[in-house]
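We count residues from 1, following the sequence as given.
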Amino acid sequence: LLRVRTRAYHRARLHSSMAANDAGLSSTAESDVNSVRQVLIIVAMEQECMPLVDRFQLKKLKHPFLEGAPMVAWAGHVNELTLKVVWCGSDKRFGVNNVATTAA
């Protein structure tokens, strides 16, 4: 299975490189097109997300979801990367983290 993934990865990279050459893009432009700029981490438990929020000094987003949704989100920048962390929130009735299918 690993070998199949590796071949597929190399085929995709080759195709991307060929497409960049056909479009007249340099290798620098190609790497800019393929670079990761945003990362979203969805976490079920508050105890799991708070170390990330604290470590990267993420700011809490105001109302990023529909009103009444229990989810909480933070965002910030780590070098040139935008990092977003979403916690599924807590159950109002029981006061516990929304885990498993509860968050859905």
Is I41 close to L52 at the side-chain level, that is, under 4.5 Å between some pair of heavy atoms? yes
Should L83 and H77 count as side-chain neighbours, where that means a heavy-atom distance under 4.5 Å? no
Taking side chain to side chain contact (heavy atoms under 4.5 Å, CB included) as the criterion, tell me which of N98, V96, N97 meets it with M45. N97
Step by step, would you call V86 with V72 a side chain to side chain contact (heavy atoms under 4.5 Å, CB included)? CA-CA 6 Å; V86 175; V72 181; over 6 Å; no
Minimal non-hydrogen separation, A44 against V99, with atom names: CB-CG1, 3.8 Å
Could you tell me whether a side-chain N or O of D91 sits under 3.5 Å from a main-chain N or O of R93, the two making a donor and an acceptor? yes
Backbone N or O of K84 within a donor-acceptor pair of the W74 side chain at under 3.5 Å? no
Should [X] and [Y] be counted in the same cluster of Ile, Leu, Val, Met, Phe, Trp and Tyr side chains packed under 4.5 Å apart?
| X | Y | result |
| --- | --- | --- |
| F56 | V39 | yes |
| V85 | M71 | no |
| F65 | L40 | yes |
| V78 | V43 | yes |

More than 12 heavy atoms of other residues, nucleotides or ligands under 6.0 Å from CD of Q47: yes or no? yes
To the nearest 0.5 Å, what is the distance between NE2 (H63) and CG (L66)? 12.5 Å
Could you tell me the separation between the SG atom of C88 and the CD atom of E48, rounded to the nearest 0.5 Å? 9.5 Å
